[in-house]
Amino acid sequence: MKITLASWFILMIAISAGPQLNDYKVTNFQSLPDKVPSMQAEHLLEEYFPNDRGTPGILVFHQEQRGTLNIEDAEQIVAGIQAAAIPGIESIVDLSQLPPAAIQSFTSARGSTLMLPMMLEPGLGSADFAEINNEVLGIGQSIAANMQDVSFYVTGPAGIAGDTVKLFEQADFVLLLATIAIILVLLIVIYRSPLLAFIPLLATVIVYQIVNQSVALMGAAGLVINNSTTSIMSILLFAAVIDYSLFVFSRYREELNRYESKHEAMKVAMRATGEPVFFAGGTVLAAMLVLFLAQFRDYQNFAPVFGMAMVIIMVASITLVPALFTLFGRKAFWPKVPVYGQAHPAKKPGAWAGIAKFVVNKPVISGGIVGVFLIVSALNVFNLNFEFDSVKSFPEDMPSRVGYEIVETEFDQGALAPSTLLVVGKESIPEDSVAQLQEAIASYPEVASVRLGDQTDDQQALSFSISLSINPYSTEALDAIGSLRDSMPEYMETASIDGEAHLAGVTAKLADERTVNNRDIVVIMVLETLLILVLLMGLTRSWKMPIYMMAVNLLSFVSALGLGLFLVDMFFGFDAVSTRVPVYAFIFLIALGIDYNIILVSRFLEERKAYRVKEALERAISRTGGVISSAGVLLAATFAALTTMPIADLFVFGFIVAIGILMDTFLVRGMLLPALILFFEKDNQPEQKPASQ
């Protein structure tokens, strides 16, 4: 015990001297693999038309009352920003040097809004974006405050990236505090013991520090770490360590009634819980390792980070956690201290004893009602709609989103994110062929305008800027750009151009993201299901039980997704979600949800050695009901802490997972799975009860 605790504390102190995780987190994360068409187009554009410039931004000047914007007001704001000589800004278009016709091209049709390009220097990091954004916004808004109804915002890639950095810095801190507070309060309320709240949290803090520093070392070694990944990782860490701590101390409390020595009691407790806890962690680890096979880099980024976290969590659950509880011994349970030789409280009638008796006596009623509810809830997945505009996932009052939506309202929607067409001929492309191709593309129904862009000196490669007539982030735009991409060979042939055409830009990337995500959903779901099935077969030494264990878990996931989508739409107005939400929800609901089934089934298999199926199941439900329901409430509350995040993706994900865990804890594990066990598992021999019973 002492050696174990000393080893963990020494490791925590030693690793804390290394690099810090915040130095390696990024917001401008490239999600798509290099081989998809839009990324290939982007690389070719860079090859033919090298651009060593940095990240662009858009300065938005808006007349609040929808009158005509005074250009002199905008000039004054720009002059104030330029006079500050903010490090990192490469250029801002100088309004005072532009002719009226050029100014008009930056002005909305109503004349109420002006958007002006700003270019940052290349090579800047996420922290630089936030600092530049703060300074530009601060100067511009302070000057605009002295003007009549004029507002100023910074948007575009630079503005959004800067705001995102600030958002995550603030949100991650709030998330950490909210998670700790929720866990602390619930542990004290459920167990009415201050040490039973303190010990799991102490273990979590130690593991959290070691995991964070380990991931920082991975970042120092070259791993790009996404901000969202670390936010979700912290929730997974708190949830898993607390969950496994509950399973350990619940069995430890039982054994303290049977053994006088606290060390011997923990030995016996870990013989019973060590394997199921290790298998429970193994299912989560397996789910994370499957993500290495994803093409979408957001999911790939989960694999090494979450894999590392789960390895440390699993080792801590069977070493650090038992050592901490053994250190405190019976004092950990004060004021309800287990007394050696005293009957265990689980044998006294309780809520779960009554539920267990009802479930095993009325399995058709209990299991049938739950099954029908899950199926009905699952049907709502057919109403699943995806949102591809990432800006819409941020708070409505975030300056870059406000500026973005002003541009969206005041200018043609296609101007938000024009697409770029690169045409590469096998020989010089004649001007009349260029004109024919431009005319053919312009005739496409969803195309608003086509402008000729750059050309190589030999006229063998050229680019077009294409603005759509519809919102470039909409599902219709993704369909349109895909259809346009398919039509390009025909257009090239009509224009007598022998060569290749490549579409780049935000809409093309989103179309590829949708395709890659659809592929990854199938791969992740199939492989994760198969891997967990194999692990369950190893645990249960059966082929039949793992199949229906996974079946109810999959049904529970689809039901949670359907019910969650209905509730977030009804109460929070989210009628569409990010493509990432169903995948994130699947990974965690399947991997963590199966944990409770493992704990129940492990206890059932243990009891079955001495009792017939029905009685063994009743005892298993009674003995594990309290700890599993407590763990489920804590786990759901931990994921619900993600609803404090001002990012819609994480909010919806946290809400759906919390709903799913509660359903899994009380309905699936408490009623449906026991009903299936009674249906599939039969007694092979007469009842044999131990003499000591």
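- Counting heavy atoms from C-beta outward, Phe464 and Val434 have side chains that approach closer than 4.5 Å.
- Put simply, OG1 on Thr475 and CG on Asn385 are 7.5 Å apart, with the number rounded to the nearest 0.5 Å.
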Walk me through it: do Ser393 and Glu387 pass the test side chain to side chain donor-acceptor pair (under 3.5 Å)? CA-CA 9 Å; Ser393 71; Glu387 172 64 74; over 6 Å; no

Stepwise, does the side-chain contact (heavy atoms from CB on, under 4.5 Å) test hold for Phe238 with Ile180? CA-CA 8 Å; Phe238 273 87; Ile180 292 173; 3.7 Å; yes

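- Taking each heavy atom of Leu95 and Ala74 in turn, the nearest pair found is CD1-CB, 3.6 Å.
- More than 12 heavy atoms of other residues, nucleotides or ligands sit less than 6.0 Å from atom CD of Glu47.
- A donor-acceptor contact under 3.5 angstrom links the side chains of Gln209 and Ser16, judged on distance only.
- In this structure, the side chain of Ser467 does not engage the main chain of Ala448 through any donor-acceptor pair within 3.5 Å.
- Proximity of a side-chain donor or acceptor of Asp512 to a complementary backbone N or O of Ser38 within less than 3.5 Å is detected.
- Across all their heavy atoms, Thr68 and Gln63 have their closest contact at O-OE1, 4.0 Å.
- Annotation: side chain of Asn517 is in contact with side chain of Tyr299 (closest heavy-atom distance under 4.5 Å).
- Of all heavy-atom pairs between Val657 and Ala585, the closest is CG2-CA, 4.0 Å.
- Closest approach of Arg485 and Pro37 over heavy atoms only: CZ-CB, 3.9 Å.
- Note on ring orientation: taking the six-membered ring where Trp is involved, the planes of Phe152 and Phe61 are tilted (angle from 30° to 60°).
- With values rounded to the nearest 0.5 angstrom, Leu59 atom CG is found 5.5 Å from Ile81 atom CD1.
- Taking the side chain as every heavy atom from C-beta outward, Met118 and Ile89 approach each other to under 4.5 Å.
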Please step through side-chain contact (heavy atoms from CB on, under 4.5 Å) for the pair Met488 and Ile441, ending with a clear verdict. CA-CA 8 Å; Met488 284 313 302; Ile441 297 169; 4.2 Å; yes

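- Annotation: side chain to side chain contact (heavy atoms under 4.5 Å, CB included) contacts of Asn380 (sequence neighbours excluded): Asn383, Leu565, Phe566.
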Please test Arg401 against Glu405 for salt bridge (Lys or Arg N to Asp or Glu O under 4.0 Å), starting from the C-alpha separation and ending with a verdict. CA-CA 6 Å; Arg401 175 174 175 176; Glu405 291 180 338; 2.8 Å; yes

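- The CD1 atom of Ile77 lies 9.5 Å from the CD atom of Gln141; values are rounded to the nearest 0.5 Å.
- Although no hydrogens or angles enter the test, the distance criterion places a donor-acceptor pair under 3.5 Å between the side chain of Thr107 and the main chain of Ile103.
- Around the CD atom of Gln82, the shell of radius 6.0 Å holds more than 12 heavy atoms that belong to other residues, nucleotides or ligands.
- A donor-acceptor contact closer than 3.5 angstrom is absent between the side chains of Ser463 and Asp454.
- The aromatic rings of Phe574 and Phe572 are tilted relative to each other, their planes meeting at an angle between 30° and 60°.
- To the nearest 0.5 Å, atom CZ of residue Arg514 and atom OG1 of residue Thr579 are 10.5 Å apart.
- Checked by atom type and distance alone, the side chain of Thr456 pairs as donor or acceptor with a backbone atom of Ala461 at under 3.5 Å.
- In this structure, the side chains of His62 and Leu69 stay at 4.5 Å or more apart for every pair of heavy atoms.
- Residues Glu90 and Pro122 approach most closely at OE1-CD, 3.7 Å, considering heavy atoms.
- When all heavy atoms are compared, the tightest approach of Leu116 to Ile92 is CD2-CG2, 4.2 Å.
- In summary, the side chains of Asn133 and Asp163 do present a donor paired with an acceptor at a separation below 3.5 Å, with no hydrogens or angles considered.
- The closest side-chain heavy-atom distance from Tyr153 to Thr155 is not below 4.5 Å.
- For Arg451, the CZ atom sits in a loose shell: 12 or fewer heavy atoms of surrounding residues, nucleotides or ligands are nearer than 6.0 Å.
- Residues Ser31 and Arg580 form a side-chain contact, since some pair of their non-hydrogen atoms from C-beta on lies under 4.5 Å apart.
- In this structure, Asp520 contributes its side chain and Phe296 its backbone to a donor-acceptor pair below 3.5 Å.
- Between Tyr584 and Phe302, the two ring planes are parallel [angle under 30°; tilted spans 30° to 60°].
- The CD atom of Gln455 sits 14.5 Å away from atom OH of Tyr48, with the distance rounded to the nearest 0.5 Å.
- Gln40 places a side-chain N or O within donor-acceptor distance of the main-chain N or O of Lys35, the cut-off being under 3.5 Å.
- Side-chain atoms of Phe588 and Ile232, non-hydrogen and from C-beta on, do get closer than 4.5 Å to each other.
- When the shell of 6.0 Å around CG of Asn518 is examined, it contains more than 12 heavy atoms from other residues, nucleotides or ligands.
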Step-by-step side chain to side chain donor-acceptor pair (under 3.5 Å) determination, Glu408 to Asn471: CA-CA 9 Å; Glu408 185 180 33; Asn471 187 326; 3.2 Å; yes

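- Distance alone, capped at 3.5 Å, is enough to place a donor-acceptor pair between the Gln438 side chain and the Val450 backbone.
- With sequence neighbours excluded, the residues satisfying salt bridge (Lys or Arg N to Asp or Glu O under 4.0 Å) with Asp34 are Arg297.
- Side-chain contact between Gln295 and Val36 is absent, with no heavy-atom pair separated by less than 4.5 Å.
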